[in-house]
Asker: 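Let me begin by handing over the structure; questions about it come next.
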Amino acid sequence: MTLEEFHARGWFEEPKTQNAVAHGIGTQNMLELTPQSGQKPFKKLFDWGVLFPYVAQVVRSEKFEYRQVTEIVHNDVVLKHAIKQAAELTLREQRYAKNGHRLLTRSASGDQKAQEEDDEKKGISYQSILRKQEQRAISILKDMGSTLNNGLLAFTSWILYKLLPCFLSGVVTNTKQIEMLKTATERSPGTPLIFVPLHRSHLDYIMVTWILTNNDIRSPLVAAGNNLQIPVFGGLLRGLGAFFIKRKIDPVEGKKDVLYRAALHLYLTHALKQGHNVEFFIEGGRTRTGKPCMPKGGILSVIVNAFMDGSIPDALLVPVSVNYERLVDGNFVREQKGEKKIPESFTKAISGIWKALKSNYGLMRIDFNEPYSIRELVNSYNKIAREDGNNTKVYKPAARVLQHNQSTSSLYGTDVVCEEHRNLIESISRQVVFDCAAATSVMSTNALAFLLLTRFRNGAEEQIMAEALDDLRNSLSGCKDMGFSGESAQILAYACDLLGSGLVTRTRDENGRMLIRAVNSVESFIELAYYSNVLTPHFALSSILLATFHSLLPETENKKEAGVSRKKLMDTALENCQIYRYEFILNKPTQVLESLLYKQLDDLLISGCVRSEKLHNDAPNADECKRLANSLAADLDEDDDYLHVGNGDADEPKLLFASDTLPQQRYICEVLAPFAWTYVTVAQSLQILHRNSMLESEFISFVINDLSSKVKRGSCIYAESISTDSVRNCLKLLEKWSVIEVCNQQGMRLISLNTLYEMSRESLNAIVKKIDAIVPKFNSGYFNVTP
Ligand SMILES: CCCCCCCCCCCCCCCC(=O)SCCNC(=O)CCNC(=O)[C@H](O)C(C)(C)COP(=O)(O)OP(=O)(O)OC[C@H]1O[C@@H](n2cnc3c(N)ncnc32)[C@H](O)[C@@H]1OP(=O)(O)O
């Protein structure tokens, strides 16, 4: 390996002074790290660890006591109560099935004995139902329980030391972050660590446990979907920490599986009480698009509850960001094109491992971000609630104690999850996902794919692209950690190599110039979008703002003096942000979206993408100066929302179109343009629901086909707009807006237009128009003005 290549792989990343804890001072390659091996000075003359470093590493790394919890759960009175509750529910169902509506009159009479006799005649036995529920509880716990043990951990760890270098050139972690975790566990020994990674690949959980084990940090119990309970691997994962859960808690809509909920609630609570660390994937599965999915709250609600009811004194949530230069477990192109997911199986796992071992996937980067104490999170949300003057929102841990007769119908542990608690969990989970995404390091392949999709869709000369990469690195400096360093041209060559000729070509033209371009196929653009989307959330707000600005510019002859009022821009941009509410988490719950938009506006003003009327006339007003000063202050303390100056008067300075920076404006708008195309196509397709309800899956196929033909015809230039995930997100939005209704019939989701939109074509057209406004119009209007 040449020195340049070595640098390009980011192992000598310059330290970031802005946030020493989150970004660390120096990284380490875990593949080469065996701190327990080698000669221990002043201990012995000869140490066998010198000859067998990997064996020494796994044998000598710290061993923890991993207590089994299924037995404790089984003996818990709450479980016994849940078994009874489930049995009574089944009894009622069976009676209803036999007696139909007559059941109600019988129960009302309250004649217990007569009821029992009637049951007996009809072959219904409460005792046998109860026994069945008891058996079910045993079987649920058997399926769920992890058998985490040191022996298997050590053996697998050794295998991984041998196998990982076959397909990864490095596993980069941050020394400071690992030390931070160790310090956190030492400082508060009774406080469990809750690892919350964003899920990209099956390697994620393997690497988290492997890194923790080899750094003498207790391995976590990991919530695993029961689709991974496949022969051989299922048992292996269980011994390495997996506890299996149903991906859908209530398979039958509207019917709560009380027994399962209680078992999961108790399993997790007791695991925490027994000192286990826990890991779960808050998105509920791997991202198919490369950007984070919306979080799920079930597991988190149990953990927060364990703190609230005093089962544990506190817990530290550790957001984990994982990124790969090249995704190890294939790609998600098939699924984005609307094809069915292939279920996990033994053969699929074996062939996946075999394929992986024969390839090169470059670097993997894993960041353990600064932990949040759940106690402090709850306190700070309470502070916000008090500042809002909303005392009902205040959460008090002591107010709820673990009761033996508590309900088992919710994962949280109360009959109905109250709205405040739901909001609290949702806020915490959105904050975790936001922070994980923001802290994800940018790999060389992310940067290359981003440039290819937003600036060089037809390819470009390597030198020009290297300059663009320099610009990108400058613009990200201080806000995103880069997983590479060195000469941009070399980084591009390295990234092209990794992505392979199926995605990107790097060829010399007849004049000897090196050209880099994306392979012109739907599949390659969808896959490149996966890599590019690591950067998309970072540019999402400025893209929304600028696209909104362009959509508001008036049609006038004198385009160079055209402008939009600040208030109008902000109001419309805020509305447009709502369109993307299921696609991106644009702000933390503790941040005010409007303030973030103002900050983005200031950045656009500074970069010259938008001009200010007053500034343009060389007469900066006091408001403008204050706003820019505030923006800089907010940069220094990013969590504090700064107040924007200006009262939103109609006569406030206008924001003017800037013709000299049109190319930059276009790059920014290109970031969200593919999403906007998907959304507008979904909206246009709604008309087929007129007097016609449809299975959701059929509607999605219809939209995907429509998008594919648009791409084929060239009316949509973004092949990556073909995205099942974005179609689904748009449907969630339309459901939220009450444009469509979704009803669940025996596990099938039927969608139809809501009455208003069924009756009125204009209302439906208004929705299409509203969504169409977020599509940047590159072929008309202001994007075609010559500077
Ligand atoms: C050294 C060697 C190394 C080797 C090393 C090997 C490592 C060996 C480990 C292997 C490990 C594999 C790991 C694979 C990776 C996956 O398999 S990822 C998939 C599985 N994991 C997850 O999904 C975790 C995140 N998901 C959740 O938390 C979901 O909520 C659940 C628990 C799965 C349930 O999902 P769901 O059925 O869709 O239901 P959901 O709407 O979320 O709500 C369920 C209930 O939760 C509660 N809830 C939900 N949201 C809220 C809220 N905001 N507030 C309060 N309560 C809420 C409510 O009670 C709700 O019920 P309702 O009151 O609404 O009726």
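All ligand and atom numbering here is 1-based and tracks the order in the structure. Since we're looking at a predicted model, the values are computed, not measured. Just the heavy atoms: all of them, side chains too, but no hydrogens, waters or symmetry mates, feed the values below.
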Asker: Using a strict cut-off of 4.0 Å, indicate which atoms of ligand 1 neighbour a heavy atom of Gly225.
Answerer: 16 (C), 17 (O), 19 (C), 20 (C)
Asker: Hey, looking at atom 18 (S) of ligand 1, which of Trp158, Trp210, Phe243, Phe281 has the closest heavy atom?
Answerer: Phe281
Asker: With heavy atoms of Lys256 as the reference, note each atom of ligand 1 found under 4.0 Å away.
Answerer: 62 (P), 63 (O), 65 (O)
Asker: Taking the six-membered ring where the residue is Trp, are the ring centres of Tyr361 and Tyr324 under 6.0 Å apart?
Answerer: no
Asker: Can you list the atoms of ligand 1 that are under 4.0 Å from a heavy atom of Val222?
Answerer: 9 (C), 11 (C)
Asker: Show me which atoms of ligand 1 lie under 4.0 Å from any heavy atom of Ile425.
Answerer: 52 (C), 53 (N), 54 (N), 55 (C)
Asker: Taking the six-membered ring of Tyr54 as reference, does the NZ or CZ atom of Lys162 fall below 6.0 Å from its centre and within a 45° cone about the axis?
Answerer: no
Asker: Taking 4.0 Å as the limit for heavy-atom contacts, which would you say applies to Ala224 with ligand 1: side chain only, backbone only, both, or neither?
Answerer: both
Asker: Non-hydrogen atoms of Glu279 versus ligand 1: any pair closer than 4.0 Å?
Answerer: no
Asker: For Arg422, is at least one N or O under 3.5 Å away from an N or O on ligand 1?
Answerer: yes
Asker: Show me the donor-acceptor pairs, under 3.5 Å and distance only, between side chains in residues 228-235 and residues at least two apart or in other chains.
Answerer:
{"residue": "Gln229", "atom": "NE2", "partner": "Asp143", "partner atom": "O", "Å": "3.3"}

Asker: Any donor-acceptor pair under 3.5 Å linking the side-chain atoms of Gln336 with those of Thr289?
Answerer: no
Asker: For ligand 1, which atoms, with element, lie under 4.0 Å from some heavy atom of Ile249?
Answerer: 34 (C), 37 (O)
Asker: Kindly identify the option in Glu426, Arg247, Lys296, Arg430 whose heavy atom sits closest to atom 29 (C) of ligand 1.
Answerer: Lys296
Asker: Do any nitrogen or oxygen atoms of Gly298 come within less than 3.5 Å of a nitrogen or oxygen of ligand 1?
Answerer: yes
Asker: Cation over ring, Lys736 on Tyr582, under 6.0 Å and within 45°?
Answerer: no
Asker: With a 4.5 Å cut-off on side-chain heavy atoms, are Pro35 and Gln57 touching?
Answerer: yes
Asker: Could you check whether any heavy atom of Arg261 sits closer than 4.0 Å to an atom of ligand 1, since that is the contact criterion I want to use?
Answerer: yes
Asker: Picking from Asn277, Thr213, Thr209, what satisfies side-chain hydrogen bond (donor to acceptor under 3.5 Å, both in side chains) with Ser219?
Answerer: Thr213
Asker: Show which atoms of ligand 1 fall inside a sub-4.0 Å distance from at least one heavy-atom site of Lys248.
Answerer: 36 (P), 37 (O), 38 (O)
Asker: Is Lys341 atom NZ crowded by more than 12 heavy atoms from other residues, nucleotides or ligands, each under 6.0 Å away?
Answerer: yes
Asker: Determine whether the side chain, the backbone, both or neither of Leu424 has a heavy atom under 4.0 Å from any heavy atom of ligand 1.
Answerer: neither
Asker: Which residue is it: Glu339, Glu283, Glu335? I am looking for the one with a salt bridge (Lys or Arg N to Asp or Glu O under 4.0 Å) to Arg288.
Answerer: Glu335
Asker: Which residue in the set Asn227, Asp257, Asn226 passes side-chain hydrogen bond (donor to acceptor under 3.5 Å, both in side chains) when paired with Lys246?
Answerer: Asp257
Asker: Using a strict 4.0 Å cut-off to heavy atoms of His421, name the atoms of ligand 1 that fall inside it.
Answerer: 55 (C)
Asker: Below 3.5 Å, N or O to N or O, backbone or side chain included: is there any such pair between Asn227 and ligand 1?
Answerer: no
